2 protein chains.
Amino acid sequence: MDIFLKTIGSINDETRIKILNFINQNGEVCVCDIESAFNMIQSRVSRHLKILKDGGFLKVERRGRWAFYSIRTPLDNFRQSILDEIACLDLELPNRDFKCRK
Amino acid sequence: MDIFLKTIGSINDETRIKILNFINQNGEVCVCDIESAFNMIQSRVSRHLKILKDGGFLKVERRGRWAFYSIRTPLDNFRQSILDEIACLDLELPNRDFKCRK
DNA sequence: ATTATACATCAATATATCTTGATATATAAG
DNA sequence: CTTATATATCAAGATATATTGATGTATAAT
């Protein structure tokens, strides 16, 4: 029950749904990619990514001073069905700019 | 997005997950069934049932002074997959007593 | 008509969650 | 060693959600 609630709670937020969809469409991104794509301050992005990670949707890989977030693999059927449902929502995808690595 | 968030928000609560599972296992129930099965006050039950109904999981049918809640049919694949996931959580099912109709 | 039952809704309070700005840590560059 | 960059975390305030008791409405029984 606790894991289920944590999973559901992690997607019970418009910002996180958009971030999750962005990563699902773009693949691996770092925190600053999302910062610039969504024009959000860093602490806010970091917090939401942590919640999505704790919800079982994302994994992190640290390389140098960057933290790269991507969809966890393998992903169970239930979380995959949530990703698919979100992909059908027809959300506007912000442009990805690689500002932090230019 | 709004509909998706309302759906997710409706199951982002331990009480509602238990109620939804109870109805999924028992079929049609009235408000007082849940009142007695879960030992909750009526206003609380009524509120949670409304949220689950607005979340697209339940339908109501009024007969006399009773309101009978059951799983909405037909149910879309996404909500069905949520019901199935909840059914796998191995929640304790409270006994159903038909106090209000004895 | 009056009373009882089943349910819905409101207002107040309690609790949880989100956002922000400040601060901390860790890595890399000068 | 000092400074800059990328990220994480904390504390305070703002916002949202849950619980309760009171009240409202509709139906049925006496």
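To find a chain, count down the sequence lines: A is the first, B the second, and so on, and within it residues start at 1. All values reported here derive from a predicted model rather than from experimental measurement.
For the OP1/OP2 pair of C/dC18 and a distance below 4.0 Å, the side-chain nitrogens and oxygens of A/Arg47 include at least one atom meeting the criterion. Between A/Ser43 and the phosphate of D/dA11, there is no side-chain N or O to OP1/OP2 separation shorter than 4.0 Å. A sub-4.0 Å separation between OP1 or OP2 of C/dA8 and a side-chain N or O of B/Tyr69 is present. When the side-chain nitrogen and oxygen atoms of B/Arg65 are compared with OP1 and OP2 of D/dA26, none of them lie within a distance under 4.0 Å.
Heavy-atom distances to DNA chain C give each of B/Val60 and A/Gly9 a nearest nucleotide, and the one nearer the 5′ end belongs to B/Val60.
In this structure, the nucleotide among C/dA6, D/dG21, C/dC18 sitting nearest to the side chain of B/Trp66 is C/dA6. Closest contact between the side chain of A/Ser46 and the listed nucleotides D/dT7, D/dA18, C/dT9 involves D/dT7.
Atom CD in A/Glu61 sits roughly 13 Å away from atom P in D/dT7 (whole-Å rounding). Separating the CG atom of B/Asp33 from the P atom of C/dT5 is a distance of 17 Å, rounded to the nearest angstrom. Rounded to an integer number of Å, the gap from CG of B/Asn12 to P of C/dT15 is 18 Å.
In the model, A/Thr7 has a side-chain atom that pairs as donor or acceptor with a side-chain atom of A/Arg79 under 3.5 Å.
Atom NZ of B/Lys59 sits in a crowded spot, with more than 12 heavy atoms from other residues, nucleotides or ligands closer than 6.0 Å.
Residue-to-nucleotide contacts include no donor-acceptor pair under 3.5 Å from the side chain of B/Gln42 to the base of C/dA6.
Counting non-hydrogen atoms under 4.0 angstrom, A/Arg63 reaches nothing in the nucleic acid.
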